[in-house]
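Just so you know, these numbers use all the heavy atoms, side chains as well, and skip hydrogens, waters and symmetry mates. Not measured: the values here are computed from a predicted model.
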Amino acid sequence: MKLTIIGGGGFRVPQVFEAVASDEAPVRIDELSLYDISPERLAIIRVIVERIASERRFAPRITVTTDLEEALQGADFVFSAVRVGGTAGRVADERIALELGVLGQETVGPGGLAYALRTIPFMVSLAETIRRVAPEAWVINFTNPAGIVTEAMRGVLGDRVVGICDTPIGLLRRAAAVAGAGAPRPGASASSEVAFDYVGLNHLGWLRSLEVDGVERLPELLASDASLQRIEEARLLGFDWVRALGALPNEYLYYYSFTREANESIRAAASTRGEYLDAQQGAFFANPGTDPFESWTRTRHDREASYMAESREDGEERDVEDVAGGGYESVALDLMAALSSGTPATMILNVRNGGLVPALPEDAVVEVGCVVDADGVHPWPIAPVEGEMLGLMTQVKAAEQLVIEAATRGSRELAWRGFAAHPLVDSVAVARKLVDGYSQHFTSIGRLLH
């Protein structure tokens, strides 16, 4: 089988290769094609993956190209993980919002909407090329903001595109381990004895039920300080708050539940997350040294250890258990394995709503539990979504769909409405300034909106 990675010069591509070439990989890839618009970055990443390949028994053949159609020819799976505008774009996403007094974060709030505005046109064009060159390929989208981008691509590819994220399965894995079910692999539940209810949008969701051997274990887990201490999301959002919710929130709910604190922490830091990564990865690609693999490994560790630092106390580091384990690359491999082999896998994915949450449009993309097999992705029924959970999902989805329509139609007015609709933008006037600010900074957005 052939796997094509769009964004093959990305910093995290070697992690995907490590998973693909692992002895324990659930599916075997014969050819890995790396596509990127930057031949310089491709050359550096190729050195690293070839080093990894030299030590692996099941390493696939590696090809690199700056020709999109060449990369897609014969692809069985297409994995998309691109950053339109690079890390410098993320810096602007965050800083423009912060300067206007609202949350500056990569995917949550106005920064995520700006990221979507400049990303959707490319991703829709990519979807059209895939439909023409590799119509039978399954498209696995990790390009952020993953839920919005997947929804836009569905307009071209329908069910052949699936959005993935590693945060929901990470939450489930930690909770299941604490409940005594063992740690499930990323992308699959621990065993047939584990059942769960997870619902939300990408970077906005809740684990609302966890059954082990037919016994509901979530209330017991929530009642125990010792249990919650072992779950990163509970530490981030506070034991009292998750007990009040009666559910374990996705870690990104921190930005909605503690917006003031997040803003204060981000503003007090010497640099934003985007500025940190821009400097870190810029230095790596500018000078990978005589041993690019060693340099990449060190840089990767620093990146993972500093993730969501604004949500922790000064100097506090992530627990080893929170950094270890599979990430999005393992989710992607589990998805590919289930689709190609037919062996069913239980996963949490970004898929079409189709009435699962009746208050949302049927074509909206939601993040829910699914069973995946050779016939495709099958979302399972969920418990009703009510109260503040439904309210937040409805409001954020309305903002997302307005931004998708704005990008599709090139409408500045729709973009303004989309930013104003988001719960983390507290003023219509600020929403307009955000759209104007992003339009002035990003020529692609400025040309897009009229």
Peer 1: Please check: side-chain N/O of D197 versus main-chain N/O of R208, any donor-acceptor pairing under 3.5 Å?
Peer 2: no
Peer 1: Starting from the C-alpha separation in whole Å, work towards a yes-or-no answer on side-chain hydrogen bond (donor to acceptor under 3.5 Å, both in side chains) for E94 and T272.
Peer 2: CA-CA 7 Å; E94 295 170 345; T272 65; 3.0 Å; yes
Peer 1: Report the residues that fulfil side-chain hydrogen bond (donor to acceptor under 3.5 Å, both in side chains) with H441, sequence neighbours left out, ordered by chain and then residue number.
Peer 2: none
Peer 1: Which residue pairs pass the salt bridge (Lys or Arg N to Asp or Glu O under 4.0 Å) test with at least one member in residues 67-87, sequence neighbours excluded?
Peer 2: E69-R132, R83-E106
Peer 1: Under the ring pair (Phe, Tyr, Trp, His ring centres under 6.0 Å) rule, collect the residues that match up with Y198, sequence neighbours excluded.
Peer 2: none
Peer 1: According to side chain to side chain donor-acceptor pair (under 3.5 Å), does anything in residues 146-156 pair up with another residue at least two apart or in another chain? List the pairs.
Peer 2: N141-T150, E151-K397, E151-Q401, R154-D159
Peer 1: Is any side-chain heavy atom of P249 closer than 4.5 Å to one of Y254?
Peer 2: no
Peer 1: How far does CG of N250 sit from NE2 of H203, to the nearest 0.5 angstrom?
Peer 2: 6.5 Å
Peer 1: Out of curiosity, T65 OG1 to L72 CG, how far, rounded to the nearest 0.5 Å?
Peer 2: 10.0 Å
Peer 1: In Å, rounded to the nearest 0.5 Å, how long is the span from CZ of R160 to CE of M153?
Peer 2: 13.0 Å
Peer 1: Show, in sequence, the C-alpha distance, side-chain angles and deciding distance for T87 and V91, and conclude whether the side chain to side chain contact (heavy atoms under 4.5 Å, CB included) test is met.
Peer 2: CA-CA 6 Å; T87 51; V91 171; 5.7 Å; no
Peer 1: Filter on side chain to side chain donor-acceptor pair (under 3.5 Å), then keep only pairs touching residues 1-18, sequence neighbours left out; what's left?
Peer 2: E18-R300
Peer 1: On a heavy-atom basis, which atom in L402 and which in G418 lie closest, and how many Å separate them?
Peer 2: CB-CA, 3.6 Å
Peer 1: Would you say V385 and L356 make side-chain contact, with heavy atoms under 4.5 Å?
Peer 2: no
Peer 1: Are the side chains of V215 and V212 in contact, using a 4.5 Å heavy-atom criterion?
Peer 2: no
Peer 1: Quickly, which of V16, D166, I6 forms a side chain to side chain contact (heavy atoms under 4.5 Å, CB included) with F142? Name it, please.
Peer 2: D166
Peer 1: Answer yes or no: is there a side-chain heavy-atom contact under 4.5 Å between F285 and S38?
Peer 2: no
Peer 1: Excluding sequence neighbours, so at least two apart, what forms salt bridge (charged side-chain N to carboxylate O under 4.0 Å, His left out) with D225?
Peer 2: R243
Peer 1: Side chains of D302 and Y276, heavy atoms from C-beta outward: is any pair under 4.5 Å?
Peer 2: yes
Peer 1: Which heavy atom of A97 sits nearest to which heavy atom of G104, and what is that distance?
Peer 2: CB-CA, 3.9 Å
Peer 1: Tell me the closest heavy-atom pair linking L248 and L171, and the distance in Å.
Peer 2: O-CD2, 3.5 Å
Peer 1: How far apart are the C-alpha atoms of V368 and V351, what are their side-chain angles, what is the distance that settles it, and do they pass the side chain to side chain contact (heavy atoms under 4.5 Å, CB included) test?
Peer 2: CA-CA 8 Å; V368 293; V351 295; 3.9 Å; yes
Peer 1: Going by the rule salt bridge (charged side-chain N to carboxylate O under 4.0 Å, His left out), which residues pair with R61 if we only count those two or more places apart in sequence or in a different chain?
Peer 2: E31
Peer 1: Rounded to the nearest 0.5 Å, how far does OG of S209 lie from CD1 of I382?
Peer 2: 12.0 Å
Peer 1: Under the side-chain hydrogen bond (donor to acceptor under 3.5 Å, both in side chains) test, which residues partner R217, sequence neighbours left out?
Peer 2: E220
Peer 1: Go through L253 and L204 one step at a time and tell me if the side chain to side chain contact (heavy atoms under 4.5 Å, CB included) criterion holds.
Peer 2: CA-CA 6 Å; L253 263 296; L204 189 165; 4.2 Å; yes
Peer 1: Please find the pair of heavy atoms, one from I45 and one from G8, that lie closest to each other, and give the distance.
Peer 2: CG2-O, 3.6 Å
Peer 1: If the condition is salt bridge (charged side-chain N to carboxylate O under 4.0 Å, His left out), which residues does E136 pass it with, not counting sequence neighbours?
Peer 2: none
Peer 1: Parallel, tilted or perpendicular: which one describes the rings of F11 and F284, with boundaries at 30° and 60°?
Peer 2: perpendicular
Peer 1: Measure the spacing between CD1 of I52 and CZ of F293 and express it to the nearest 0.5 Å.
Peer 2: 5.0 Å
Peer 1: So, for F239 and A234, which heavy atoms are closest and what is the spacing to 0.1 Å?
Peer 2: CD2-O, 3.6 Å
Peer 1: Got F196 and T346 here, is their nearest side-chain heavy-atom distance under 4.5 Å?
Peer 2: yes
Peer 1: State, with a plain yes or no, whether a side-chain heavy atom of I348 is found less than 4.5 Å away from one of E367.
Peer 2: yes
Peer 1: Of all residues at least two apart in sequence or in a different chain, which pass the side-chain contact (heavy atoms from CB on, under 4.5 Å) check with A116?
Peer 2: I120, P145, I148, V403
Peer 1: Test of understanding: with salt bridge (charged side-chain N to carboxylate O under 4.0 Å, His left out), list the residues that count as partners of R298, not counting sequence neighbours.
Peer 2: E294
Peer 1: Check whether N202 reaches the backbone of N350 with its side chain - one donor and one acceptor, N or O, closer than 3.5 Å.
Peer 2: no
Peer 1: Taking M1's backbone N and O only, do any of them form a donor-acceptor pair with D30's side chain (distance below 3.5 Å, no angle check)?
Peer 2: yes
Peer 1: Check whether any side-chain N or O of S295 sits under 3.5 Å from a backbone N or O of D291 as a donor-acceptor pair, and report yes or no.
Peer 2: no
Peer 1: Say you draw a straight line from OG of S340 to CD1 of I29; how long is it, rounded to the nearest 0.5 Å?
Peer 2: 7.5 Å
Peer 1: Hey, are the side chains of F442 and D93 touching, using non-hydrogen atoms and a 4.5 Å cut-off?
Peer 2: yes
Peer 1: Could you tell me which non-hydrogen atom of A19 sits nearest to which non-hydrogen atom of L333, and how far apart they are?
Peer 2: O-CD2, 3.2 Å
Peer 1: Should V162 and I140 be marked as a side chain to side chain contact (heavy atoms under 4.5 Å, CB included) after you check the CA-CA gap, both sets of side-chain angles, and the distance that decides it?
Peer 2: CA-CA 5 Å; V162 182; I140 302 171; 5.6 Å; no
Peer 1: If the condition is side-chain hydrogen bond (donor to acceptor under 3.5 Å, both in side chains), which residues does D23 pass it with, not counting sequence neighbours?
Peer 2: R57
